[in-house]
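These notes are about the structure you will find just below.
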2 protein chains.
Amino acid sequence: MTVEESETAARMFKALGDPVRLRLFSAVASHPGGEACVCDISDVGVSQPTVSHHLKKLKEAGLLLSERRGTWVYYRVAPSVLAAMGQILATTPSAA
Amino acid sequence: MTVEESETAARMFKALGDPVRLRLFSAVASHPGGEACVCDISDVGVSQPTVSHHLKKLKEAGLLLSERRGTWVYYRVAPSVLAAMGQILATTPSAA
DNA sequence: CGTCAACATAGACAGCTATCGAAGCAGTGC
DNA sequence: GCACTGCTTCGATAGCTGTCTATGTTGACG
C-alpha cells in the first residue's frame, strides 16, 4: 500500500469516522431512490448547520454528490464508491 | 442504523482514518503468518513512539490484538474484524 | 417586490489528536 | 548484576474538529 493510496483511503475512512456522518451516509445510501434531500435525513440529533457541515465533509471526501432541484438539495452516494464496493466483492478471495 | 451501532462502527472507521494507521493495519493484515512484530512494520515515516501510539489506538478500536513473545510484541488482526469482513461478503446482495 | 422556507457559510470556542523527545519497563545475554 | 534492545508511557505542543449561534444565499409563491 503506497503512501498516496493510504491517504486517499484514509480520507474516506476518516469521513465515516464520526457517528453523525455515518448515520447521514447510511440514511442517504438506504433511502428509496438512492437519494435524499437534507430535510429527509437531518434528524440526527444536531443542529441544521452542523448537518450541513457534515454533508460537506462527506462530499469533500468523495463519498456523496449533491444536486439542487428547486428549493431542495438532494444527496446521493458517489458512483465511484459504489464501484469500489463492487470491486471489493469481486476481488476478495473468500472471507478474508 | 441505531445510535449505538453508529458509534461502534464510527470508532473503527475513525481508527482507519489516518494514513499512518491505515498503512500499519494493512501491513499487519498482509504480513506472512497473519501477524507482525512492531519492528517489522515500523517503517512508516514517523518516530517509533508514534508508531506505538497508533498501534494502541488500533487495539483500542478493536481492530488489532497484541501478544508479547520474548523481546518482541506481535500484532494481528482481531478475529471479530475478520468475521465482520466475511459477514459483509456473505450478506451483500450482488455489487451494491 | 416581499416574504418565507431550505440550505450554506462565517466566526467562535472547547475538546481532541498527531507528533516529538525523554524517560520507563521488560527480556536477553554476557 | 549490567548493559543492550524492543517497545510503551509521559509530558508538551501545535493543529485539527465538532458544535453552536448568527447571518447569507437561493429559489418558490403571492
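Below, chains carry the letters A, B, ... as their sequence lines are ordered, and counting in each starts from 1.
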With a 4.5 Å limit on heavy-atom distance, are the side chains of B:I41 and B:L55 in contact?
-> yes

Taking the side chain as C-beta and beyond, is there a heavy-atom pair between B:L24 and B:V28 under 4.5 Å?
-> no

Scan nucleotides 20-24 of chain D against the protein and return all N/O pairs shorter than 3.5 Å with their distances rounded to 0.1 Å.
| residue | atom | partner | partner atom | Å |
| --- | --- | --- | --- | --- |
| D:dC20 | OP2 | A:S47 | N | 2.9 |
| D:dC20 | OP2 | A:S47 | OG | 2.9 |
| D:dC20 | OP2 | A:T50 | OG1 | 2.8 |

Identify, residue by residue, the members of [range] with a heavy atom below 4.0 Å from DNA chain D, and return them in order of residue number, or none.
range: residues 56-66 of chain B; answer: B:K56
range: residues 18-30 of chain B; answer: none
range: residues 68-77 of chain A; answer: A:R68, A:G70, A:T71

Can you check the A:E67 CD to D:dT26 P distance for me, whole Å?
-> 17 Å

Have a look at the helix from C:dC1-D:dG30 to C:dC30-D:dG1 and give the angle its two end axes make, five pairs each, rounded to 10 degrees.
-> 20°

A:A29: partners by side chain to side chain contact (heavy atoms under 4.5 Å, CB included), with sequence neighbours left out = A:V77

Are B:V46 and A:V3 connected, step by step, through hydrophobic side chains (Ile, Leu, Val, Met, Phe, Trp, Tyr) whose heavy atoms are closer than 4.5 Å?
-> no

Which pairs, with at least one residue in residues 74-87 of chain B and sequence neighbours excluded, count as a salt bridge (Lys or Arg N to Asp or Glu O under 4.0 Å)?
-> none

Applying side-chain hydrogen bond (donor to acceptor under 3.5 Å, both in side chains), which residue pairs with at least one partner in residues 1-10 of chain A are found, sequence neighbours left out?
-> A:S6-B:R23

Restricting to pairs with a member in residues 40-49 of chain A, which pass side-chain hydrogen bond (donor to acceptor under 3.5 Å, both in side chains), not counting sequence neighbours?
-> A:S47-A:T50

How would you give the extent of chain B contacts on DNA chain C, as first and last nucleotide 5' to 3' within a 4.0 Å heavy-atom cut-off?
-> C:dT17 to C:dT28

For residues 60-67 of chain B, please give each side-chain donor-acceptor pair under 3.5 Å, one per line with the distance, not counting sequence neighbours.
| residue | atom | partner | partner atom | Å |
| --- | --- | --- | --- | --- |
| B:S66 | OG | B:K59 | NZ | 3.0 |
| B:E67 | OE1 | B:R69 | NH1 | 3.2 |

Give the minimum heavy-atom separation between B:L22 and A:A9, together with the two atoms involved.
-> CD2-CB, 3.5 Å

CZ/A:F13 to CZ/B:F25 distance, rounded to the nearest 0.5 angstrom?
-> 8.5 Å

For A:R21 and A:L16, indicate whether the former's side chain and the latter's backbone hold a donor-acceptor pair under 3.5 Å.
-> no

Output the rest of the hydrophobic cluster of A:Y74: all Ile, Leu, Val, Met, Phe, Trp and Tyr residues reachable through side-chain heavy-atom contacts under 4.5 Å, sorted by chain and number.
-> A:W72

